[in-house]
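Notes for the one structure printed next.
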Amino acid sequence: MKAAAWMVAAGLAVWLALAVWVDARTRLEVLLGMCAPLAIASGTWVLAERTYRQNPGALTSLMIAAFAFKLVFFGAYVTAMIVLLSLRPGPFIASFVGSFVALYLVEALLLRRLFLDGRS
């Protein structure tokens with residue numbers, strides 16, 4: 001749970017640092033690009049950590065189900081943001097991809113640490 005809070009705090013700090021340099025429209029597009037990866041990565045981490053603590057053997061099936069959910073969710077989210085909200089693809093996709101890659105790298109490192117020594 002502590003790691004998820006750090007993910008949220010780091011995401012907020014990055015957004016605030018970027019917000020100083022861009023206009024209001026770009027600020028919103030960057031924020032919306034960061035929100036979904038942040039919510040899903042932190043939620044997945046909380047579920048993965050809890051599952052590993054209770055039943056390590058169930059983690060693989062949880063991660064497979066989460067992967068399937070993420071495929072559908074992220075496809076729908078990106079489509080909705082660009083088509084329905086008419087966000088400019090540049091700032092939105094740049095922040096989405098940057099957040100996605102960074103957060104999933106963090107999640108992979110946290111999983112590695114969890115597997116190696118059981119800490120979170």
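- Hydrophobic clustering (ILVMFWY, side-chain heavy atoms < 4.5 Å, transitive): L109 and Y52 are in distinct clusters.
- Between the OG1 atom of T60 and the CD1 atom of I64 there is a distance of 6.5 Å, given to the nearest 0.5 Å.
- Among all heavy-atom pairs drawn from A48 and M63, the shortest one is CB-SD, 4.1 Å.
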(request) For Y77 and I82, run side chain to side chain contact (heavy atoms under 4.5 Å, CB included): C-alpha distance rounded to whole Å, both residues' side-chain angles, the deciding distance at 0.1 Å, then the answer. (result) CA-CA 9 Å; Y77 182 78; I82 292 175; over 6 Å; no
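- In the hydrophobic clustering of ILVMFWY residues, with side-chain heavy atoms under 4.5 Å counting as a link, F96 and L105 come out apart.
- Distance CD/E49 to CG/L111: 9.5 Å, rounded to 0.5 Å.
- When atom types are taken as modelled, the side chain of S42 and the backbone of A39 share a donor-acceptor pair closer than 3.5 angstrom.
- Members clustered with W15: L12, V14, L16, L18, V30, L31, M34, by chain and number, using a 4.5 Å side-chain heavy-atom cutoff among hydrophobic residues.
- W45 and A4 get closest at one heavy-atom pair: CD1-N, 4.0 Å.
- Within the 3.5 Å criterion, the main-chain N or O of A76 finds no donor-acceptor partner in the side chain of T79.
- Between F74 and Y104, the ring planes lie perpendicular to each other; the angle is over 60°, past the 30° to 60° tilted range.
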(request) Could you give me the CA-CA distance, side-chain angles and deciding distance for R88 and T26, then say whether side chain to side chain contact (heavy atoms under 4.5 Å, CB included) is met? (result) CA-CA 8 Å; R88 293 174 298 172; T26 304; 2.6 Å; yes
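- For L38 against M7, the heavy-atom pair with the smallest separation is CD1-O, 3.4 Å.
- Of the possible polar contacts, one joining the R27 side chain to the V22 backbone as a donor-acceptor pair under 3.5 Å is found.
- Here L110 contributes atom CG and T44 contributes atom OG1; the two are 12.0 Å apart, rounded to the nearest 0.5 Å.
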(request) Mind running side chain to side chain contact (heavy atoms under 4.5 Å, CB included) on L59 and F115 for me, showing each step along the way? (result) CA-CA 11 Å; L59 184 59; F115 295 154; 3.4 Å; yes
(request) Determine, stepwise, if the pair V78 / I93 fulfils side chain to side chain contact (heavy atoms under 4.5 Å, CB included). (result) CA-CA 8 Å; V78 169; I93 295 297; 3.9 Å; yes
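- A donor-acceptor pair under 3.5 Å links the side-chain atoms of S95 to the main chain of F92, judged by distance alone.
- Rounded to the nearest 0.5 Å, atoms OG (S61) and CG (N55) are 8.0 Å apart.
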